[in-house]
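Bear in mind that the values here come from a model prediction, so they are computed numbers and not experimental data.
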Amino acid sequence: MLGRVFSGMGEPIDGGARIIPEATPDINGTPINPAARDYPDEFIQTGISTIDGLNTLVRGQKLPIFSGSGLPHADLAAQIARQARVRESDAGFAVVFAAIGITFEEADFFISDFKKTGAIDRTVLFINLASDPAIERISTPRMALTAAEYLAFTRNMHVLVIMTDITNYAEALREVSAARKEVPGRRGYPGYLYTDLATMYERAGRKVTGSGSITMIPILTMPEDDKTHPIPDLTGYITEGQIILSRDLYRKGCLPPIDVLPSLSRLKDKGIGPGRTREDHAGTMNQLFSSYARGKEAKELMVVLGEAALTPLDRLYARFADEFERRYVHQGFYENRSIEQTLDLGWELLSILPKSEMKRIKPDILEKYWPKK
């Protein structure tokens, strides 16, 4: 199945031969026994500084991307699929990509991008177009997850599952639920939306019995950029954090426009540090978060009171925030940074501030990595 393109019902649509199956599993899958689950603690490098450095993705994690209408989540999804890898691992790495209710133009973009960069060789694509029946949209993510489970737990591969767009899936679920005259819940979505999403998301993870794993990145567009809408709200409950895309950063030309302050990876502390990334990772991550938050506050004060009202230190923090967005957040969709490059860039940016402000980094780490000017 690797290197092939299928419809939402699992039919080949790339002109190739039909698949002769070794096994025919139920696409609804079976939950992983909690006692058989292994704790996610292995770093996955995506090549994107704002994810690797500040909201680290860990093998076996569920980390959704909350986007908005018109934001470049498709480009971000393609970039992660191209660049993601598990460092220092001999096991095979595969990407299962489920496109749910997308336009023909988006489908063509994903297929041509994967073919052009060679990423198609390790990818299984399931494409469900907006013109396809709603009932097919409900099967597409389950088809993709069944393929991922086979690759991960039968073939012992590291599998990254990217699903875009979960909002289209939930709309289809609402449509089918209304046709069946089921009792509606919030905003007309079926009352079992939470359970339904959980049956998909919880298929990610690692098992103690094998070396394979499923790491999941569901992408959803928040209607009216509303984080309290049922789909992002319920997704946030089930998954381990969220990456949030910012319309303001997109307007400024920052690509990918990841807003690091409200974004969160709940398992990041488990996948970083000596032997996984580098000993200075945790300290620089906390210091960058803290300094950027203070820099944003300084910039807001500058708008109200003017630059002259700020202290020299606040002006440095404001400059740090600008440089952080320009050089750390903004990297484009085709730059692949190693974790070492990301951490070195973090130190370079922190050196804008006085050394005495580095209150979240241990003194021995600070002495070892502080840039010598």
Side-chain angles (χ1 to χ4, degrees), residues 1-6 14 42-65 67 71-100 102-103 105-127 141 144-145 147-148 151-152 157-165 204 213-220 243 245 250 254-258 263 265 271 277 328-342 345:
M1 293 182 78
L2 290 169
R4 299 294 304 274
V5 185
F6 301 92
D14 55 2
E42 203 173 335
F43 171 67
I44 290 184
Q45 182 173 291
T46 63
I48 300 164
S49 290
T50 40
I51 297 178
D52 292 349
L54 301 173
N55 295 290
T56 312
L57 179 66
V58 179
R59 188 162 74 88
Q61 184 178 7
K62 309 174 284 292
L63 187 63
I65 294 174
S67 181
L71 293 178
H73 47 268
D75 300 88
L76 181 59
Q79 183 178 14
I80 293 171
R82 274 196 312 271
Q83 297 178 178
R85 67 187 185 92
V86 178
R87 290 154 56 95
E88 287 108 35
S89 175
D90 300 327
F93 189 87
V95 176
V96 175
F97 197 99
I100 307 160
I102 62 170
T103 62
E105 185 183 14
E106 285 178 301
D108 185 58
F109 163 74
F110 285 126
I111 294 167
S112 59
D113 185 84
F114 289 167
K115 283 182 177 171
K116 185 172 67 185
T117 57
I120 190 82
D121 295 336
R122 62 169 192 175
T123 306
V124 185
L125 277 107
F126 289 86
I127 304 281
L145 284 162
L151 293 170
M157 297 176 81
H158 303 320
V159 184
L160 177 64
V161 178
I162 300 175
M163 299 194 290
T164 178
D165 177 346
S213 64
I214 296 177
T215 307
M216 193 184 294
I217 300 183
I219 298 172
L220 55 93
I243 302 288
L245 301 191
Y250 182 53
C254 281
L255 299 174
I258 294 173
S263 297
S265 169
T277 54
Y328 196 96
V329 178
H330 174 68
Q331 67 176 81
F333 291 115
Y334 291 92
E335 185 183 346
N336 187 354
R337 293 178 186 163
S338 69
I339 186 62
E340 288 79 17
Q341 288 173 312
T342 291
L345 178 58

Heavy atoms only: give me the nearest L255-H330 pair and the separation to one decimal. N-ND1, 3.1 Å
Which residues pass the side chain to side chain contact (heavy atoms under 4.5 Å, CB included) test with R87, sequence neighbours left out? F43, Q45, R85, I339, E340
As an exercise, state the distance from CD1 of I100 to OG1 of T164, rounded to the nearest 0.5 Å. 7.5 Å
Sub-3.5 Å donor-acceptor pair from the side chain of S67 to the main-chain atoms of L245, do we have one? no
Please report the shortest heavy-atom distance between L151 and A94, naming the atom on each side. CD1-CB, 4.2 Å
Should T215 and L63 count as side-chain neighbours, where that means a heavy-atom distance under 4.5 Å? no
Just verifying a value: how many Å separate D52 CG and I44 CD1, rounded to the nearest 0.5 Å? 10.0 Å
Compare all side-chain heavy atoms of L76 with those of I48 and state whether any distance is below 4.5 angstrom. yes
Output the distance between atom CD1 (I258) and atom CD1 (I51), rounded to the nearest 0.5 Å. 4.0 Å
How are the rings of F110 and F97 set relative to one another: parallel (under 30°), tilted (30 to 60°) or perpendicular (over 60°)? tilted
Do the side-chain N and O atoms of T342 and R337 include a donor-acceptor pair separated by under 3.5 angstrom? no
Measure the spacing between CG of L145 and CD1 of I214 and express it to the nearest 0.5 Å. 6.5 Å
In a check of side-chain hydrogen bond (donor to acceptor under 3.5 Å, both in side chains) between R82 and each of N336, T46, D113, T123, which one passes? D113
Contact check, side chains of Q79 and Q331, non-hydrogen atoms, under 4.5 Å: yes
Considering all heavy atoms of both residues, which atom of P257 and which atom of Y250 are nearest to each other, and what is their separation? CB-N, 3.7 Å
To the nearest 0.5 Å, what is the distance between CG (L125) and CZ (R4)? 11.5 Å
Of all heavy-atom pairs between A204 and K62, which one has the smallest distance, and what is that distance? CB-CG, 3.7 Å
Residue pair I80 / I65, side-chain heavy-atom distance below 4.5 Å: yes
Do L2 and V124 have side-chain heavy atoms sitting under 4.5 Å apart? yes
For I162 and A77, which heavy atoms make the closest approach, and how far apart are they? CD1-O, 3.7 Å
Considering all heavy atoms, the nearest V95-A81 contact: CG2-O, 3.7 Å
